[in-house]
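Everything below concerns the one structure shown next.
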Amino acid sequence: MIKKSDIVREAVQEQDWKKALQIAKDFHIGVTQEQRSKMARAYECIVHPDFYQQIGVDILEAIEQGKAIVKEYAESTRRKNTMMKWDVKHDKAKRIIDAFLDNAGYWQEREDLSAGLTDEDKELVNAEVELMIASIRKRYKLQERLPEQAAQIQTEEAEAVIPTEKAEETLPEPVSEDKEPEKSKRTRKASTGEKKTTSRRKKKEIQEEE
């Protein structure tokens, strides 16, 4: 499944700002309300430039602000996808080498390694191999590892939030032909003991952004 964040990064790379802004303006992870508003304004200025020009909006400035935010978002998600902390990377390498060393004892089953050796020769060679393995493990401290849970490859714990200037008031925006009109929102107070849960649709949108 292609993630929306991947589509945004590709659109930014191709400088398809309309497509990038159309998707990114609805993101909720790693994007503030102000940033969403500016990206939405930039997208609307691309789609309805005449309207916003009539109400006194600086079209070029609004679009540039939106482009700057979506570019920074694309770059931050790229860094998160490729970044791995050094200790996690080093620990993973230790586990890989240790796995190879654990299987080193099976060399006797390979004909290309054990051909022409007597049982006594094999014992002598195997003893030397074990000494080498012990030396390698000691030198690279393979016995010292991170806890299993901490060693899992993860992206940054905290979602990157793009810094923005002080929030500004936004003017009402017309409904674009590229998006469906928003339904009226109805709210109600949660009854005592009632737990607020995230809708399946909301969870799906968040998963697609990540």
Side-chain angles (χ1 to χ4, degrees), residues 1-16 19-20 22-24 26-32 35 69-163 195-210:
M1 181 181 68
I2 301 177
K3 297 178 181 179
K4 288 184 177 180
S5 57
D6 293 334
I7 299 175
V8 170
R9 282 197 298 274
E10 183 178 349
V12 169
Q13 187 175 4
E14 296 175 353
Q15 296 189 0
D16 187 347
K19 182 178 181 180
Q22 182 181 17
I23 299 173
D26 295 322
F27 283 175
H28 293 273
I29 296 179
V31 179
T32 66
Q35 290 165 346
I69 294 172
V70 75
K71 281 195 293 186
E72 181 59 30
Y73 173 85
E75 177 60 21
S76 67
T77 56
R78 184 193 66 78
R79 288 195 301 265
K80 286 193 295 181
N81 289 342
T82 57
M83 188 183 71
M84 184 190 302
K85 291 183 179 180
W86 182 88
D87 54 350
V88 175
K89 177 177 65 176
H90 190 64
D91 187 80
K92 188 67 176 179
K94 282 184 177 181
R95 293 172 185 272
I96 292 171
I97 296 301
D98 205 32
F100 280 107
L101 295 177
D102 285 340
N103 292 305
Y106 293 103
W107 68 269
Q108 300 181 54
E109 298 179 6
R110 292 182 51 173
E111 294 183 1
D112 58 327
L113 296 177
S114 60
L117 298 178
T118 64
D119 290 341
E120 184 178 357
D121 292 337
K122 290 180 180 180
E123 290 180 4
L124 292 173
V125 172
N126 198 58
E128 190 67 18
V129 169
E130 289 179 354
L131 286 175
M132 291 182 179
I133 290 175
S135 177
I136 293 172
R137 282 185 167 140
K138 182 178 180 180
R139 178 177 180 181
Y140 293 100
K141 300 180 180 179
L142 299 183
Q143 72 280 5
E144 298 178 11
R145 297 176 179 174
L146 295 177
E148 191 70 31
Q149 184 176 3
Q152 294 177 355
I153 300 174
Q154 300 175 344
T155 55
E156 294 173 288
E157 295 177 359
E159 292 291 344
V161 177
I162 308 167
K195 297 181 179 180
K196 296 183 179 180
T197 59
T198 306
S199 66
R200 293 182 179 176
R201 181 176 179 184
K202 185 70 173 179
K203 288 181 179 178
K204 183 176 179 182
E205 290 178 355
I206 293 176
Q207 289 174 353
E208 290 177 343
E209 291 178 23
E210 295 178 339

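Nothing fancy with the numbering, it's 1 onward along the sequence. Values below: all heavy atoms of this structure, side chains included; hydrogens, waters and symmetry mates excluded.
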Might you point out which heavy atoms bring Gly30 and Tyr73 nearest each other, and give the distance in Å?
O-CD1, 4.4 Å
Nearest non-hydrogen partners of Ala24 and Val70, listed with the distance:
CB-CG2, 3.7 Å
Report the residues that fulfil side-chain contact (heavy atoms from CB on, under 4.5 Å) with Lys71, sequence neighbours left out, ordered by chain and then residue number.
Val12, Trp17
Counterpart residues, side chain to side chain donor-acceptor pair (under 3.5 Å), relative to Glu123 (two or more places apart):
none
Sequence neighbours left out, what passes side chain to side chain donor-acceptor pair (under 3.5 Å) with Ser135? Give chain and number order.
none
Got a second to check how far Lys94's NZ is from Arg145's CZ, nearest 0.5 Å?
8.5 Å
Distance from Asp119 atom CG to Leu124 atom CG, nearest 0.5 Å?
11.0 Å
Could you pull out all residues at least two apart from Glu130 that satisfy salt bridge (charged side-chain N to carboxylate O under 4.0 Å, His left out)?
none
Would you list the atom pairs, donor with acceptor, under 3.5 Å between side chains in residues 105-116 and any protein atom, with sequence neighbours excluded?
residue	atom	partner	partner atom	Å
Trp107	NE1	Asn126	OD1	2.9
Arg110	NE	Asp112	OD1	3.2
Arg110	NH2	Asp112	OD2	2.7
Ser114	OG	Gln108	O	3.2
Ser114	OG	Arg110	O	2.8

Using the test side-chain contact (heavy atoms from CB on, under 4.5 Å), find all partners of Ile7 that sit at least two apart in sequence or belong to another chain.
Ile2, Lys19, Ile23
Quick one: NZ on Lys92 to CD1 on Ile97, what's the gap to the nearest 0.5 Å?
12.5 Å
Restricting to side chain to side chain donor-acceptor pair (under 3.5 Å), what partner residues turn up for Asp16, sequence neighbours left out?
none
Excluding sequence neighbours, so at least two apart, what forms side chain to side chain donor-acceptor pair (under 3.5 Å) with Arg137?
Asp98, Asp102
Would you find more than 12 non-hydrogen atoms of other residues, nucleotides or ligands less than 6.0 Å from Glu75 atom CD?
yes
Begin with the C-alpha distance, continue with both residues' side-chain angles, and end with the deciding distance and a verdict on side-chain contact (heavy atoms from CB on, under 4.5 Å) for Thr77 and Val8.
CA-CA 10 Å; Thr77 56; Val8 170; over 6 Å; no
My understanding is that only residues two or more places apart in sequence, or in another chain, count here; which of them pass side-chain contact (heavy atoms from CB on, under 4.5 Å) with Glu10?
Glu14
Residues in side-chain contact (heavy atoms from CB on, under 4.5 Å) contact with Leu131, at least two apart in sequence or another chain:
Glu128
